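To start, the structure itself, in structure tokens.
These figures come from a predicted structure and were not determined experimentally.
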Amino acid sequence: MAKEKTQWKEFLEVVSTLQWVLSFLFLGVACIILMVYLMFTSLWPLPTLYFIWLVIDWDTPERGGRRTAFVRNWRVWEHLRDFFPIKLVKTAELNPNKNYILGCHPHGIMSAGAFTCFSTESCGFTEVFPGVRASLAILAGLFRIPLFREYIMSAGLYPVSKASLIHLLSKSGKGNAVVIVIGGAAESLASSPGVNTVVMRQRKGFVRIALEFGADLVPVYSFGENELFRQVILSEGSLGRKLQDLFKKIMGFAPCLFVGEHMAFLPYKSPITTVVGSPISVPRRATPTEEEVDHYHGLYMEALSKLFHDHKVSCGLSESHKLKII
């Protein structure tokens, strides 16, 4: 029988989850506003020195970052995990003498499953996959935001840029598992309760990188990710959708109109089960052909579909649920 939570424990979970959501939405903007404000006060030397440091340190995110176990092991992430709750499930071993690219689906609104399982130690990744180091790659533009970049680097987040992926897969030894949320901003716009849609038919860059460095491909599906928020889905061709698409094209991400269960920002308490599939062996090709890329991309989509259907019932879905790949 599950132990009943105390009111204090529930309070800590709510506060921890709320800080994560607010950080996701507003911390980057708050850091920019703070630095600009300080430039017009008597403390102007501080942001001036920081911006000098920023120029010197500009390429660090793509050269291994500044990951710290201290931040990844914060107790706050355990409360975030327990709020939903979030669980990591292994279906096969990952050899620590190889490198991997883990494709995580779906994006959802905030990728709670990917962040909690791969950018914190709250779900026990290092115990579940001994000798393997998970590195979650996110929007590269976030690493240009002053102060905010230091925070996300400390949690072991990396830019999803080619230079960053090359460093992680070729200059950091073996046992690296680079996690990429393949669907990105386009997939977030399709996020809605009861929807199992992934955007990846035309997304083959991760397969090409895997071939160039001989990194095995591993499909990952976070069941329950799309249940956390209720999104206002704008119809194709509407002014609102055109503005979302324009913003996505310029900024790299799309502003979603969504509400949670309480205070709009607090997500619904929907369990998330992040299932890591079996690795697909990928040969090393210095210059992979389009046929090779298409072949392994097809194998990956088949493996992702099989992973979804093999685990959907045990993860709370009905047998009738289908996975739509667009």
Side-chain angles (χ1 to χ4, degrees), residues 16-28 71-72 76-77 80-81 83-89 101-123 125 134-143 148 151-153 155-161 164-165 177-193 195-200 203 206 218-231 248 251-258 260 265-277 304 307-308 315 323:
S16 299
T17 304
L18 191 58
Q19 70 78 28
W20 173 71
V21 172
L22 295 178
S23 294
F24 182 96
L25 296 174
F26 304 120
L27 186 56
V71 174
R72 291 175 62 88
V76 68
W77 306 134
L80 172 65
R81 173 202 65 198
F83 175 85
F84 297 100
I86 299 173
K87 181 171 65 172
L88 178 67
V89 174
I101 292 181
L102 276 61
C104 194
H105 315 264
H107 184 286
I109 299 294
M110 298 184 187
S111 298
F115 175 82
T116 308
C117 290
F118 304 118
S119 197
T120 81
E121 295 300 334
S122 63
C123 292
F125 183 89
S135 303
L136 180 59
I138 62 173
L139 190 65
L142 297 175
F143 294 86
F148 185 68
Y151 176 49
I152 58 179
M153 273 198 291
L157 294 165
Y158 299 87
V160 65
S161 64
S164 176
L165 299 182
V178 181
V179 185
I180 305 174
V181 184
I182 306 296
E187 201 167 85
S188 68
L189 293 176
S191 173
S192 186
V195 172
N196 301 293
T197 300
V198 297
V199 178
M200 66 163 299
R203 302 200 171 203
F206 73 104
V218 183
V220 179
Y221 200 89
S222 284
F223 292 90
E225 185 70 53
N226 285 342
E227 310 299 317
L228 305 188
F229 295 97
R230 306 296 186 256
Q231 184 179 182
K248 178 166 66 75
M251 301 299 294
F253 65 94
C256 300
L257 303 175
F258 63 88
F265 294 120
L266 197 65
Y268 285 83
K269 285 189 173 185
S270 175
I272 299 174
T273 305
T274 299
V275 184
V276 180
L304 176 64
L307 181 72
F308 176 85
C315 292
L323 178 66

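The line from CG of Leu80 to OG of Ser16 is 7.0 Å long, rounded to the nearest 0.5 Å. Atoms CG and NE2, on Asn196 and His105 in that order, are 13.0 Å from each other to the nearest 0.5 Å. Here the CG atom belonging to Leu88 is positioned 9.5 Å from the OG atom belonging to Ser122, to the nearest 0.5 angstrom. Note: Ser119 OG to Ile152 CD1 = 9.0 Å, rounded to the nearest 0.5 Å. Going from atom SG of Cys117 over to atom CD1 of Ile272 covers 8.0 Å, rounded to the nearest 0.5 Å. Annotation: the span from Leu266 atom CG to Thr17 atom OG1 amounts to 6.5 Å, rounded to 0.5 Å.
Nearest heavy atoms, Gly113 versus Ile86: CA-CG2, 4.5 Å. The two residues Gly108 and Asn226 come nearest to each other via the heavy atoms CA-OD1, 3.4 Å.
In this structure, the side chain of Arg230 does not engage the main chain of Pro193 through any donor-acceptor pair within 3.5 Å. Checking side-chain atoms of Glu227 against main-chain N and O of Ser270 turns up no donor-acceptor pair under 3.5 Å. Not a single donor-acceptor pair under 3.5 Å links the side chain of Glu225 to the backbone N or O of Pro106. Distance alone, capped at 3.5 Å, places no donor-acceptor pair between the Arg72 side chain and the Glu121 backbone.
Side-chain contact between Tyr221 and Val198 is present, with heavy atoms from C-beta onward closer than 4.5 Å. Between Thr274 and Lys87, every side-chain heavy-atom pair lies at or beyond the 4.5 Å cut-off. Side chains of Pro159 and Ile138 form no contact here, defined as non-hydrogen atoms less than 4.5 Å apart. Val181 has its side chain out of reach of Val160: every pair of non-hydrogen atoms, C-beta onward, lies at least 4.5 Å apart. By the 4.5 Å heavy-atom criterion applied to side chains, Trp77 and Thr116 are not counted as neighbours. Between Lys269 and Phe84 the shortest side-chain heavy-atom distance does not fall below 4.5 Å. Here the side chains of Cys104 and Ser222 are in contact, with some heavy-atom distance below 4.5 Å. Between Leu323 and Thr197, every side-chain heavy-atom pair lies at or beyond the 4.5 Å cut-off.
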Practice problem: Start with the C-alpha gap between Phe206 and Met200, add the side-chain angles, then the distance that decides, and say whether side chain to side chain contact (heavy atoms under 4.5 Å, CB included) holds. | Solution: CA-CA 10 Å; Phe206 73 104; Met200 66 163 299; 3.9 Å; yes
Practice problem: Decide yes or no on side chain to side chain contact (heavy atoms under 4.5 Å, CB included) for Phe308 and Phe223, but give the supporting numbers first. | Solution: CA-CA 8 Å; Phe308 176 85; Phe223 292 90; 3.6 Å; yes
Quiz prompt | Residue pair Leu157, Phe143: steps toward the side chain to side chain contact (heavy atoms under 4.5 Å, CB included) verdict | solution = CA-CA 9 Å; Leu157 294 165; Phe143 294 86; 4.1 Å; yes
Quiz item: Given Phe125 and Phe118, is the ring pair (Phe, Tyr, Trp, His ring centres under 6.0 Å) satisfied, shown in steps?
Solution: CA-CA 7 Å; Phe125 183 89; Phe118 304 118; 5.8 Å; yes
Exercise. Give the intermediate values and the outcome of side chain to side chain contact (heavy atoms under 4.5 Å, CB included) for residues Val276 and Val218.
Key: CA-CA 7 Å; Val276 180; Val218 183; 3.7 Å; yes
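Between Phe265 and Phe24, a ring centre-to-centre spacing not shorter than 6.0 Å is recorded.
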